[in-house]
Every structure is written in structure tokens, then in C-alpha cells.
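One structure below.
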Amino acid sequence: MQVVYSVRSCVCFLSIYWKSFSSSALRSMGKLYEGSVLEGFQPTSPWREDPKEFETELLVELQKEEKGENEENNKKKMIQWETVAGLREEQRRALGRLSCRGVYWKHPSKSSISALYWLFHGGDVDADGNCLFTAALRSMRLETICPRELRRRVVKRFSEDYEAGACPRDQTDTAIKHLYAPDLDAGWGVHIVQEVKLLAGKADRQALDDSIKELMQAGVSREAAAEAVYKEKCITVRDGASWAKYMSVTGNSDDEYDIITLQYTQEGLMSVDENREGRAAAFGDDIAIESLASEFEREIFVLQAHGYDAMVGEENCLFFLPHSPRSQVSGPPVFLFMKGTGWCAAGADHYEPLIACAAPVASQDNAAIVL
């Protein structure tokens, strides 16, 4: 049986649970259950510190509900998992339980504050390297800024926190180097292909090409010449300062840098992606998500769906990866969906939005997962 609640029935819950949050931490996973689909809720919106401002916005939502506007908007925003491409049946069943029973979220230090959210797919976004920022905007229902502006704000937040010591420099630099300038003498037990990311200034491309041609005239192969020149004259992404430059790349003509990718197998250089048209954008990583969480002071939970070769039974085909802000939490959690097509995603990770709908009663008894 399908049950539909109006926004009016959520007033009590929202007034109690949507007032104050402070910090976050890793939560344990719960058991999956099955149940009936509940829909028709307005997706969660950013917290408001001023109760009067919140009550005014809620009143507007109630008026829309009476006019039937919210029901139609929610139908457009919430997509059932059966229609989402690229999922196996085991994944669809597990994801369906998140829409039916929801995920239970509890404040880490204030036991009286909790919430139950039903999660729905928020629709496709372009796989252009900017999917993290596009998906985050849709999940947070921020319509006044564009993905490029959000990326800029994330990079600015990281740079400020990095300079201020809010994120430990040594630890951060080590993580960045592991991601983008890995030790090619190690890591082959997990990875089949490893990548080194370099930044070439758009204004320097002609000079780089000339240097490559000089080596080729001396008898060096095209790929070997390109590898040598790019490694010598381009910026290697290996610390916080170079990460900020890298993550600023949107794949547009007005970027300062182009991304060069050197791909290696255990036998040596496999290919050089010179990105001559400058369309490659920096894919959002865990550091970017943590900075995004810090910028908006909200926890971000990435729901990851394993590729078929990484699945170990239906109960383990999904997991939530939490990202906590470096400061206090002053808003509701944000949920994103990541699909991977193989082990370690095989380079095919893609972020998509999740629409979180708050239940009128926050109970963990029948929740699909306890975060």
C-alpha cells in the first residue's frame, strides 16, 4: 500500500529536529529491511538559523502543497531506481529499500537530534568531469549558482583551510601525491593502470610541442618524447598548492591549465593523454568533497554502488562513505550517489544527485540503514 503524507504532517518533526547541528563522525552500518514506498515529501533544504525565517519558508511550502504544486515538483525530482541505467538487479533492490525504509541519521553529540530520510535518485547529470559539483547543486537544491562557481568556492575553501592549517599539510600532501603522482614501483597489487596528472599552461602548449619535436628529430619516439617533456616542464599534482590549480580546471577554454595524463602499466608507459582540445576537467575527489562539506557546514554522504566485479553478495553491494566538514555542522546531511563499473571503479566513477526526503517521525526501528 502506498502512503502519502502532506507537508503539513511534517511541521512538528521539522520544528523539533531542524534547528541546530554541530559536528559529525563516522557511523556504523545497519541491517537492510524491506517495506512499502513512501513518497510525496518535499526534499530537504538548507537549515535556517532564524526560526522565523524557517517558519516563513515552511508556510510558503504549505501553501504550495494546498495548490498541488509540490506533488508535481517532487514527481519531477524523484526517480524510481527501476529507471536508472547501469545498475544490476541486486543493486536496484538494495537501493529501493533506501527509498522504502530510509536511512536513519543521528547527531553525533546531541542524542535528541535525529532524522529519517527516504532517498530517491535525482536524475542524470553530464559526465563531463564536473558531475560532483552538478550533482551536489541538485542534491542541495541550490539554483542560484552554477557548477563552475561551486567548484571555485570549493577550491577557495580548501586553499584557505590548507593555509590556515585546518587540514594537516603533511597528511594532505601525502594523500594528494598518492592520488595524482603515485609511486610507480608500488601499488600494482590493486591497480592495473596507474595515472600521473600534470598541468600544462595553455600559454605554454606551443613551446611544449616544439620541445617534443626536437626530441623526435633526435630519434626519440613520440610518446617517450611527450612523457619526458611533460614531466620536466609541467606542474606535477603532488601537494596542496598544485591540487588547487588542478581542481580549478573545468574543461573550458578560459582555464589557465590543461590536464595531461600519463598512464602506466607495470611494464611501463602505456599512453599519453595530451588533452589537446583542453576539454578534460578535474574529477572531484574525496578532498574536494570534504572541502564542499566545509564550505556549507554540512555532512556529505556518498552512496557508492560497487561494480559487478567488486560485489560480494547483495547485502554488500552498497555502502555510505561519510565526509565531515572541518568545522561545525549547521545544516542537514547531503546525499550523493556514485556508480562504479568495476573494481576501484576502473576509472568510471560518476556522481549523481540523491533527493533526500525527511520523514515526519525519526525512528530507526525499520530504517534500511543506520548511518
Check against side chain to side chain contact (heavy atoms under 4.5 Å, CB included), S248 and Y257: CA-CA 9 Å; S248 297; Y257 298 98; over 6 Å; no
same_hphob_cluster(V249, L292) at 4.5 Å side-chain heavy-atom cutoff: yes
Within one Ile-Leu-Val-Met-Phe-Trp-Tyr cluster: W188 and M270, side-chain cutoff 4.5 Å: no
Where M247 and R151 come nearest, the two heavy atoms and their spacing: O-NH1, 2.7 Å
R141 side chain to I355 backbone, donor-acceptor under 3.5 Å: no
Inter-residue atom distance F320.CZ - L98.CG, 0.5 Å rounding: 5.0 Å
Contact check, side chains of D124 and E352, non-hydrogen atoms, under 4.5 Å: yes
Which atom of D255 lies closest to which atom of N252, heavy atoms considered: OD2-N, 2.9 Å
Heavy-atom side-chain contact between P147 and L137 under 4.5 Å: yes
Partner residues of R222 under the salt bridge (Lys or Arg N to Asp or Glu O under 4.0 Å) criterion, sequence neighbours left out: E274
Approximate separation, where rounding is to 0.5 Å, of L303 CG and L371 CG: 9.5 Å
Side-chain heavy atoms of F133 within contact of I145, under 4.5 Å: no
Any donor-acceptor N/O pair, R326 side chain to D161 backbone, under 3.5 Å: no
Q194 (side chain) donor-acceptor with A186 (main chain) under 3.5 angstrom: yes
V302 and Y351: CA distance, side-chain angles, deciding distance, side chain to side chain contact (heavy atoms under 4.5 Å, CB included) verdict: CA-CA 9 Å; V302 178; Y351 289 104; 4.0 Å; yes
Residue pair G123 / P353: nearest heavy atoms and the distance that separates them: O-CD, 3.2 Å
Check: R205 side chain, A200 main-chain N or O, donor-acceptor pair, under 3.5 Å: no
Hydrophobic cluster membership, I235 vs L208, 4.5 Å side-chain cutoff: no
Minimum side-chain heavy-atom gap M140-R298 below 4.5 Å: yes
Please table the atom pairs, donor to acceptor, closer than 3.5 Å between any side-chain atom in residues 277-289 and protein atoms at least two apart or in another chain.
| residue | atom | partner | partner atom | Å |
| --- | --- | --- | --- | --- |
| E277 | OE1 | R279 | NE | 3.2 |
| E277 | OE1 | R279 | NH1 | 3.4 |
| D285 | OD1 | I287 | N | 3.2 |
| D285 | OD1 | A288 | N | 2.8 |
| D285 | OD2 | Y180 | OH | 2.5 |
| D285 | OD2 | W243 | NE1 | 2.9 |

Salt-bridge present (E90, R93; N to O < 4.0 Å): no
Main-chain N/O of D185 paired with D183 side-chain donor or acceptor, under 3.5 Å: yes
Under 3.5 Å side-chain donor-acceptor pair for S291 and R153: no
Residue pair R152 / K156, side-chain heavy-atom distance below 4.5 Å: yes
R238 atom CZ, neighbour heavy-atom count above 12 within 6.0 Å: no
Rounded distance [0.5 Å steps], NE2 in H323 versus OG in S294: 11.5 Å
Minimal non-hydrogen separation, V220 against A225, with atom names: CG1-N, 3.6 Å
Interatomic distance, L198 atom CG to E227 atom CD [nearest 0.5 angstrom]: 9.5 Å
Pair Y162, D173: side-chain N/O donor-acceptor within cut-off below 3.5 Å: yes
Polar side chain donor-acceptor pair, T265 to E267, under 3.5 angstrom: yes
Heavy-atom side-chain contact between D126 and T134 under 4.5 Å: no
Between CG on residue D258 and OG on residue S253, distance to nearest 0.5 Å: 10.0 Å
Neighbour count above 12 (heavy atom, 6.0 Å) for E149 CD: yes
Would you be so kind as to tabulate the donor-acceptor pairs closer than 3.5 Å made by side chains of residues 211-218, with sequence neighbours excluded?
| residue | atom | partner | partner atom | Å |
| --- | --- | --- | --- | --- |
| S211 | OG | A207 | O | 3.2 |
| S211 | OG | K233 | NZ | 2.8 |

Heavy-atom side-chain contact between K197 and Y246 under 4.5 Å: yes
Exercise: identify the closest heavy-atom pair between I300 and A293: CD1-N, 3.6 Å
Linked, directly or transitively: L179 and I260 (ILVMFWY side chains, under 4.5 Å): no
Residue pair Y264 / P182, side-chain heavy-atom distance below 4.5 Å: no
Donor-acceptor pair, side chain of W81 and main chain of L95, under 3.5 angstrom: yes
Same apolar cluster: V125 and V84, side chain cutoff 4.5 Å: no
T250 backbone acceptor or donor facing N130 side chain under 3.5 Å: yes
Audit row: F301, V103, side chain to side chain contact (heavy atoms under 4.5 Å, CB included) steps and yes/no: CA-CA 11 Å; F301 291 90; V103 296; over 6 Å; no
Heavy-atom donor-acceptor pair, W118 side chain to A356 backbone, under 3.5 Å: no
Audit row: V237, L199, side chain to side chain contact (heavy atoms under 4.5 Å, CB included) steps and yes/no: CA-CA 7 Å; V237 182; L199 298 175; 4.1 Å; yes
Interatomic distance, L318 atom CG to Q91 atom CD [nearest 0.5 angstrom]: 6.5 Å
Ring-ring centroid check W105 F335, cutoff 6.0 Å: no
Nearest atoms (heavy-atom pairs only) where L336 meets L354: O-CD1, 3.5 Å
